Amino acid sequence: MKVGVVTFPGSLDDRDAARAIRVAGSEAVALWHGDSDLAGVDAVVLPGGFSYGDYLRCGAIARFAPMMQRVVDAANGGMPVLGICNGFQVLCESHLLPGALIRNDHQKFVCRDQRLRIENASTAWTHQYEEGQEITIVLKNGEGGYVADEKTLDMLEGEGRVVARYLDVNPNGSMRDIAGITNERGNVVGLMPHPEHCVEEGYGPTTDGLPFFTSVLREMVR
Ligand SMILES: NC(=O)CC[C@H](N)C(=O)O
C-alpha cells in the first residue's frame with residue numbers, strides 16, 4: 001500500500017510520518033505541496049509542523065496549496081486522510097472537518113506526553129485499537145484548542161465522531177476534551193497529538209501510535 005505524505009514549506013514531521021508508515025509496513029511516498037498529482041497513493045498523511053510559518057492562522061495558507069485541492073477531492077471520494085496536529089489544522093481550514101483549532105487557552109506552546117482515550121475504533125485510521133483504549137503519545141502545539149459551536153459539538157458526540165479525548169489534563173482548552181475527530185464517512189481523521197513519534201521502542205514514551213498506521217494498511221482489506 002502507498003501512503004503519501006505532503007510536505008509544505010515549514011513542515012516538520014513529514015520524515016517521522018514517512019518512517020511510521022514504513023514501520024507499519026506500507027510504502028511512503030513524498031508529495032510536494034506545489035504539485036497536483038497524487039502519484040497513485042492509496043491514502044494521505046498531512047504531517048505536523050509550521051506550514052507557511054503559521055502566518056495568518058495555522059493551516060490557513062496550506063489549504064490553498066495545489067496538492068490540497070487534490071487531497072480534498074480524494075478525501076471526498078473516500079480516500080483515507082490523516083491530519084496530525086498542523087495537518088488537523090489544515091483539514092479544518094479545508095472544511096474536510098468541522099470546527100477550528102485556536103491558540104491554547106494558556107497562550108503557551110505545550111509539549112508533553114499525553115494520555116488519551118480512543119473513543120471511535122471504527123475509522124480508517126483507528127480500527128486496530130479497542131474502543132475505550134487508553135494510550136499515551138506526545139503532544140506539541142501552540143494552537144491546539146478545538147472549538148466548534150454547541151450544535152456541531154453535539155452532532156460530533158451524537159454521531160460518535162469524537163475519535164480521541166484528552167485524559168488527566170486538558171492541555172490546550174479544547175472543548176469537551178476533544179483531541180481528534182472524524183468526518184461522517186470515517187475516512188478523514190484529524191488528531192492534535194502525534195502518533196508518528198510513538199511507533200518504535202526507544203523513541204518516544206510508548207509505541208501506542210503505531211495502530212494509526214497499521215489501521216490504514218489493513219483498511220484496504222477490511
Ligand atoms: N506540532 C505541530 O504540528 C504544531 C502545529 C502548529 N504549528 C501549532 O503550533 O499549533
Side-chain angles (χ1 to χ4, degrees), residues 3-21 28 30-33 44-65 67-68 71 81-116 125 135-148 163-166 169-182 188-200 203-206 208-210 212-213:
V3 183
V5 180
V6 182
T7 297
F8 302 94
S11 289
L12 178 68
D13 301 320
D14 42 350
R15 290 173 68 117
D16 275 28
R19 183 163 179 88
I21 289 161
L31 300 175
W32 182 241
H33 73 111
V44 168
V45 174
L46 303 176
F50 301 80
S51 58
Y52 301 92
D54 280 351
Y55 283 105
L56 198 56
R57 282 188 313 275
C58 297
I61 302 176
R63 173 242 167 128
F64 294 103
M67 185 59 77
M68 276 312 298
V71 171
V81 177
L82 173 66
I84 303 168
C85 199
N86 191 221
F88 185 10
Q89 295 161 339
V90 175
L91 288 175
C92 289
E93 291 288 340
S94 304
H95 304 299
L96 282 173
L97 293 175
L101 281 314
I102 64 166
R103 186 154 290 278
N104 297 342
D105 57 352
H106 45 77
Q107 308 294 320
K108 295 190 201 79
F109 195 91
V110 62
C111 184
R112 50 176 284 131
D113 296 345
Q114 179 68 48
R115 216 154 71 86
L116 304 173
W125 298 92
I135 66 171
T136 300
I137 58 177
V138 297
L139 173 97
K140 45 171 191 154
N141 64 73
E143 296 189 20
Y146 182 74
V147 294
V163 171
R165 232 183 273 267
Y166 297 117
V169 173
N170 180 330
N172 45 32
S174 282
M175 289 179 164
R176 303 198 192 179
D177 299 331
I178 289 173
I181 58 171
T182 187
V188 178
V189 170
L191 187 75
M192 193 39 57
H194 289 259
E196 81 282 21
H197 297 326
C198 302
V199 298
E200 285 174 289
Y203 300 91
T206 64
D208 290 354
L210 188 59
F212 278 91
F213 303 96

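Note that the structure is predicted; figures quoted are calculated from it, not measured. For ligands, and for the atoms within them, numbers begin at 1 and follow the listed sequence. Just the heavy atoms: all of them, side chains too, but no hydrogens, waters or symmetry mates, feed the values below.
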(Q) Under 6.0 Å between ring centres: does that hold for F88 and H194? (A) no
Q) Which residues pass the side chain to side chain contact (heavy atoms under 4.5 Å, CB included) test with F64, sequence neighbours left out? A) none
(Q) Check whether N104 reaches the backbone of H106 with its side chain - one donor and one acceptor, N or O, closer than 3.5 Å. (A) no
Q | By side chain to side chain contact (heavy atoms under 4.5 Å, CB included) - contacts of A179 (at least two apart) | A | L116, A164, Y166, P193
**Q.** Test salt bridge (charged side-chain N to carboxylate O under 4.0 Å, His left out) applied to R176 - qualifying residues, sequence neighbours left out
**A.** E150, D154, E157
Q.
Can you classify the ring geometry of F213 versus W125 as parallel (below 30°), tilted (30 to 60°) or perpendicular (above 60°)?
A. perpendicular
Q: Write down, by chain and number, every protein residue that brings a non-hydrogen atom to less than 4.0 Å from an atom of ligand 1.
A: G48, G49, F50, D54, C58, C85, N86, Q89, F109, K140, N141, G142, E143, H194
